[in-house]
Structures are given as C-alpha cells and as structure tokens.
> 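Just passing along the structure, written as structure tokens.
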Number of protein chains: 2
Amino acid sequence: MTTTPTTRDDCAERDAADPLARFRDEFALPDGIVYLDGNSLGALPRATPGRVADVVEREWGRHLVASWNDAGWWDKPRTLGAALAPLVGAGADEVVVGDGTSANLFKTLVAALRLNPGRRVVVGEEGNFPTDLYITQGVVELFEGASTRLVGEDDAGLAAALEPGDVAVVLLSQVDYRTGALRDMAAATELAHAHGALVVWDLCHSVGALPIALSEAGADFAVGCTYKYLNAGPGAPAFTYVARRHHATARQPLTGWHGHAEPFGFTGEYVPAPGASRFLSGSQPLVAAAALEASLDIWARVDMAGVRAKSLAMTDLFLELTAGTGLEPVTPAEHARRGSQVSLRHPDGYPIVRALAERGVIGDFRAPDVLRFGFTPLYLRYVDVYDAAAALVDVLKTGEWREPRFDVRAQVT
Amino acid sequence: MTTTPTTRDDCAERDAADPLARFRDEFALPDGIVYLDGNSLGALPRATPGRVADVVEREWGRHLVASWNDAGWWDKPRTLGAALAPLVGAGADEVVVGDGTSANLFKTLVAALRLNPGRRVVVGEEGNFPTDLYITQGVVELFEGASTRLVGEDDAGLAAALEPGDVAVVLLSQVDYRTGALRDMAAATELAHAHGALVVWDLCHSVGALPIALSEAGADFAVGCTYKYLNAGPGAPAFTYVARRHHATARQPLTGWHGHAEPFGFTGEYVPAPGASRFLSGSQPLVAAAALEASLDIWARVDMAGVRAKSLAMTDLFLELTAGTGLEPVTPAEHARRGSQVSLRHPDGYPIVRALAERGVIGDFRAPDVLRFGFTPLYLRYVDVYDAAAALVDVLKTGEWREPRFDVRAQVT
C-alpha cells in the first residue's frame, strides 16, 4: 500500500511496464466497458472464431467422419488435457478434458469413495458453489450408510471434521466463488491424507488465475471448468485430474465407451482404460473443444508467476481505491489467502452492480449481499482497475443505484 | 421391387419428383463423394457456420455474461428440447438437451431403478451399442443386488426375460446400430409395462431417420444423440426424454445446479426442479448448442412421413442393386423392421469399405464383418444411391479391395 493515493497516471505507468500487457490485443473486448466478470465467463480470444470455423467448415463439413482420426478428434480429451496439465501442475497423462464440472465431480467423488472402502463420510464446504454441495448429495445417496459433513473456510474446522477417522474423501474449492478466499492446497491435502482421507479439488475459480501445483501438493483428484479464467467459451468442456498413483485402481461410474480399454473392440464387457482416460464417458462436443484449443494456445505462452503477481497487484489496487466507501471487503487481505477476485459486501449490492454496469463496469452479484469483481491479468489494464474503482466510488457517492429501475431482479451465472 | 433392373435414369426421374429434394441445397456436401455415413456423423448444414459464428462473436464476444439471460443461454436445454420434441413424438416440456448419450443413459437408468424399488434387474440387448452395455454395468454396480439380463432382437426373448417379474427397467435401442433392425416401440413398451418394468429407449440411430412416437407408445424415458441424422455436429449435446407422468417423482443422480428447483437461490440443499429440467446437471457447451439450433431449424420444416418413405425407397433400391454380389444383407427386408441403413456382411468388409471410399463412396465398417451404409433422405439423391451401389458392385467385381494398402486397420466411430 502506498501512503499517497494511486493516480490514474500511476496506473498508466504500470501498464507501460507490464510484461503481460501484450496479451490484451489477443482478446476481442467490447468497446467502452471494463469487464470484471472474467471469473464467470472469460473474454473471447481473437483467434477463437477462426479456429471454431475451421473445425466446423473443414474438419466437419469437408472431411466428415474421417476427422475422428485425421483431425485427432478421438484423442482430443487427451491432447487438450496434456495442454492444460501445466496450468494445474500435473503430468500430461494426468488430465483429460470432457463433460462438465458437475459430472466430473460426480465421477471423482464416487471413485474416491471406492478407493477408500470402509469409510463413508464425504467432507464438503458450507460455502462451496451449490453444484459441489448438490453433487455430493447425489453421490452420498448412492452409497449405503454414506453421509456428508460440512466445514467452514479454516483448516482448524477441516481438522476437526477429519478427526473421527471416518472420512473417505474431502471436496474443497481452491478459491471460494463468493469470497475469493484461497485455500492452501498443500496444507489441506496433507491434513486430509494424514487422516486417511482422499481429496478432490475444485479448481473452477483458480485455474488460469494463479499457479496450481496438484502433483506437488499430492492431490488425488481435481476438476475444473475452462470457461472462466481460461476463456474457452460458455459451457466449454471441463477437465478431470487423476493422480498417476490412482490410474490403475480408480473406478468411476459413468462407464461409457470412450473410457474403455479397447473402445473399438466392441466387446460386451466394460474394461476401464489404463490411465486417466478411464474417466472419459462419451463423445465430446468438438466444436466447443475447438474454442478451448484456441485459448490453450495463448496459455502455453503465459508465465503463471507473472499472472499471479499482476493479479495480486490489481486486487490490492482495487481494494485500496474502494476503501472507505462503506463496502466491506470479504476477500482476505492476506495475499496467500486471496484468489483473483475482490468481493465486497453491501446490503444493496444488487442495484449497485446494476448501476455500475450502466456505466460500463461489469461485475456481478451473489446473493445475499456480495458484489463480486474478477481480475483477469491477460486482458485487464491497471487503468481499467482505476476506472472501475472510480466508477464504483461515484455510484455510491451519487446514490444513483437507488433509482427503482436498478432493482429488477435478474440473475447471471 | 421392379422386375426390370432400376437404371440411373429411373433414379434421376425419382429425384426430379422428390418432395425432399429441395433440402439437399441446405447442406454443404463435399464435391465428388457419396456420403453414406450420415448415420455416424451427419453432414454440415450451410446455415450452421453463420449461427456458430454469431454465438461466438456476438453473444459471447460482445455481450459476454449478459447472454446468459439476453441470448437465452440459461434456457437453451429447454428451448432446444422443445424444438426437438416433435421429432420424437413428445410434448415440448418432456425433452431437455444436454450432456452426452452415455451420461443421459446413466441418469435415466438410475431414475428408472429408483421408480421401481424392489426390482433390481436391468434388461439390456446383447447386440446393443457398447456404451449402452457399459453404462448399464456402471449403473448395476451402484445398486446392491442389481444385475443385468441380456436379450436378443426378438420380442419373444424380451418376453422371456421379463417373465420372472423382477425386471425394473428395460433398455432398448429403437434401431440396432450394427444391423439396422427396427424394434416395434409400442409393442416392446407395452410388453415391458405388462410385466411391471419401465423402458428407456435409445434413439441414437432412429431420431431424424423415421417418425418416432414416444408419448403414443407410452415410453418412460429416452435418450439420443444429435450428431447423426440430426446433423448437429461432432459430439453435439444429446437429449433426454422424461414422460410427463414421471416429472414429479423421477430422481436422477447427477444432481447439479442446473437441475435445481431454484438454481439461483444458492441454497445448500438439492431440490429437483419440477419437470424434465431435473435431468439437467451443469452448464452446457453453448457454442456446440448453436449448431444444434441451426439444424433443428431445418427439421422444423421437414415432413417425417416423407423422410420415412424416401428412406425405405432408398434402402430398397440399394438392396436391389447390390443383390447377388455375395454380400449378405443383415438389415431386415421387412419395412416395419428396418431403420434407415443397410448393413451387409462380408468376411473382408474392412478393406472393401476402404476401397469403396477411394472411389468416393463413404460407408463404414463394424467389427467383425459388417459393411454399414446409412441413408439420409434430406441430402441424398436416388442417383447417389445408384452410384454408390454401382461402385460397390464394381469393387467386388474387380477385387481391387485385395490390394494390401486397404487392409490398414484404423477405426472411425
């Protein structure tokens, strides 16, 4: 924190010196807005429309079924997984792309329960994204005697939940979608393992936002989406990480033919493929996968340590510039505990977010009272952060958000 | 069948009189090939690239998260389901689009088992597509005491399997992917119901190929893909049909937030949505969904009785023109038992299909010995059928398929 307030000129200077600044031109950002919702839906890379059109018009339209082999469609879940692996600190053979986050949570939780027979408790987080909680309920219902135990954000709560020694698996989000709080992946994994539990990490709000070290942390499984910080487009295919030590033994329940050891043998008996491929089920939407491929081409050139440094500088700056406005920060001040978003609490958060959007600053709202702003270092500038904060401060000062038209309740994901 | 052989001129005359001929121009077919693999991957509609580009560049690129509401992204599984419903003889509220066929088989089978407590046998088909068999195994493994019982193609075998009165659910493909045999949906459904079992229909090889009457048949559930006869592109989202009488009680296990009664309430407890929406799980790939939307726009103008008439005329023609070549027809001769493909058996089926492809006739091969040719009335002409048959007859006559280069084993789906 500086003692004199940061000016817009200071921000412009930072932009001029920013090693990530060159990536901004690779995104097709709409004019006149500051987009602070890339933690919900990432912006469109300029290369994506061309890549998608190529898959549609050439691979599908001209080469038709031949593309299953010639264009690598069949192996896409593995080749995209290998391209994504460095972003999560995994081996190329430990990540597969396919299905959605909800389905992948289901698969990994069931696999973890089966790897830990005799234990029937699944530990989840009270504040986790609803689908994590709901899928956990769906899984627990399928296992006789299974139950859920919920914990808060702190590791002390987690330790207490693990204490009875009956926990099969812990499902944790690395970054909390609402507060932006970051968990210590290595510490939580170690804690779980020390109590005989496996861990499934949900990386939806951290992948592409900060360096992730799944292998180093000893994680068992992880899932995540690709349409937030990874910019792969609305509803783009998700991914699954399976630690190599579980490749021969993990058994997931959605036993479709793409996960078979010999998918073209067309035999009647399901035999899981060796490796992470056993977590695949059926054909994947290859037109959507094309967009992920285009965005992973960008990520292959990105230094994640630089992303993290800029992310923290931006969230620091936004917190500094919005201090003293009556908005209560929910995101931890401590860097080691902060993801790449700033969440601020206000009882009238909803109309404030709407009034801000009218000024071209796009954030979002999460019930009951959280204003949420995501910071995406690849396409945001420090001056954008400055302008967004200035607009927010002004919206609060003028009270314009009190106009009735801003209180129409509609929701975005 | 005519007594004098059909000539190419006869075929050209039929094309001139074909009420479906006008649809051919709506597809971007590669030059110089006859595509008889639309039962595996349908051809590209000309309107699709533009629709996909619009979703990518405008809805995603320019409007970003606002499109979840403004572009109807959130409701896409329902609006696409409603558009697809007439093709399967269902009410608009009985079909949702999302996930893949394998996942949807899993969901519907589990739901059916839960609706039929006390019964634990799942009846499947010996010759069904592998994923149907594999997913059944995956489901059975989750239910204590559950088991699978396999039947052949005839209803007598099905009746015998149902006889013990312990069958919870029967999973049947309306059209067999390998033989092209068509089941009597109404009869099989009635038979299952008479024995207290529910029925899940797999429509992958029938939807878009012939009129389907799920409601009239009293079917309980159905699933199907959209990338074969429906032309929605590789790996396009699949669909699920849930009979209205099960809307309030069916419970599927992939309980993600899109299937929640109040998805934006962000409450911790899963409460299934009313209606078929409870079969949804997570966000869908909207770029891929755009292609489905484009193809359903074509289907909205298609008379399915006309499709069926042309399909039967084409398969009749192909069978007539390839008779006496030593290829053994596997597809039933009887119209009421035939889907929209012709399967022919030959011990060297694989190199024959490859040699035929070199002549520009694209069919496919299914182990161990089946040559498979799909007939898609929207973009195939009678002259195409004639040319394909002539090429096949000639390949067999010349024996060119015996050249070693055609025996490289590689597979397409």
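Every chain is numbered from 1 and lettered A, B, ... according to where its sequence line falls, protein lines coming before strand lines.
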> Given the options B:G127, B:A53, B:P45, B:G42, which has more heavy-atom pairs under 4.5 Å with chain A than any of the others?
B:G42
> With a 4.5 Å cut-off on heavy-atom pairs, point out which of A:E144, A:E269, A:R62 contacts chain B the most.
A:E269
> Looking only at heavy atoms, which two atoms of A:V65 and B:S40 are closest? And how far apart?
CG1-OG, 3.7 Å
> Does B:E126 have any salt bridge (Lys or Arg N to Asp or Glu O under 4.0 Å) partners at least two apart in sequence or in another chain, and if so, which?
none
> Among B:I362, B:V287, B:T131, who wins on heavy-atom pairs under 4.5 Å with chain A?
B:T131
> Of all of B:P285, B:G138, B:P130, which one pairs up most often with chain A through heavy atoms under 4.5 Å apart?
B:P285
> For A:L142 versus B:P253, what's the shortest heavy-atom pair and its separation?
CD1-CB, 3.9 Å
> By a 4.5 Å heavy-atom criterion (distance strictly below it), what part of A:T267 contacts chain B: side chain, backbone, both, or neither?
both
> Under 4.5 Å, counting heavy-atom pairs only, tell me which of A:P30, A:P234, A:G61, A:A288 racks up the most with chain B.
A:P234
> Among residues at least two apart in sequence or on other chains, which ones pass salt bridge (Lys or Arg N to Asp or Glu O under 4.0 Å) with B:E125?
B:R183
> Let's test your reading of the structure: which of A:L150, A:L64, A:L286 forms the most heavy-atom pairs below 4.5 Å with chain B?
A:L64
> Which one wins on heavy-atom pair count under 4.5 Å against chain B: A:S67, A:G268, A:G38?
A:G268
> Does the side chain of B:I135 reach to within under 4.5 Å of the side chain of A:W257, using non-hydrogen atoms?
no
> Show the nearest heavy-atom pair for residues A:W60 and B:A291, with the distance to one decimal.
CZ3-CB, 4.3 Å
> With chain B, which of A:L133, A:L254, A:T48 has the greatest number of heavy-atom pairs at distances under 4.5 Å?
A:L254
> Taking side chain as everything from C-beta outward and backbone as N, CA, C, O, which of these in A:I33 sits under 4.5 Å from a heavy atom of chain B? Side chain, backbone, both or neither.
side chain
> Could you tell me which portion of B:F129 (side chain, backbone, both or neither) has an atom closer than 4.5 angstrom to a non-hydrogen atom of chain A?
side chain
> Given heavy-atom pairs under 4.5 angstrom as the criterion, report whether the side chain, backbone, both or neither of B:R46 touches chain A.
neither
> Just give me the residue among B:E59, B:R251, B:H63 that pairs up with chain A most often, heavy atom to heavy atom, under 4.5 Å.
B:R251
> If you count heavy-atom pairs under 4.5 Å with chain A, which of B:A236, B:G233, B:G282 comes out on top?
B:G233
> What residue in A:V271, A:T255, A:V110 has the most heavy-atom pairs under 4.5 Å with chain B?
A:T255
> In residues 97-106 of chain A, which residues are in contact with chain B at a heavy-atom separation under 4.5 Å?
A:S102, A:A103, A:F106
> Using a cut-off of under 4.5 Å for heavy-atom pairs, which of B:G256, B:G124, B:A28 has the most such pairs with chain A?
B:G256
> What part of A:E57 gets closer than 4.5 Å to chain B, counting heavy atoms only: side chain, backbone, both or neither?
both
> Please list, chain by chain and in numerical order, all residues satisfying ring-ring contact (aromatic ring centres under 6.0 Å, His included) with A:Y134, sequence neighbours excluded.
B:H260, B:Y270
> Under a 4.5 Å heavy-atom cut-off, does chain B meet the side chain of A:A232, its backbone, both or neither?
backbone
> For A:V56, is it the side chain, the backbone, both or neither that has a heavy atom under 4.5 Å from a heavy atom of chain B?
both
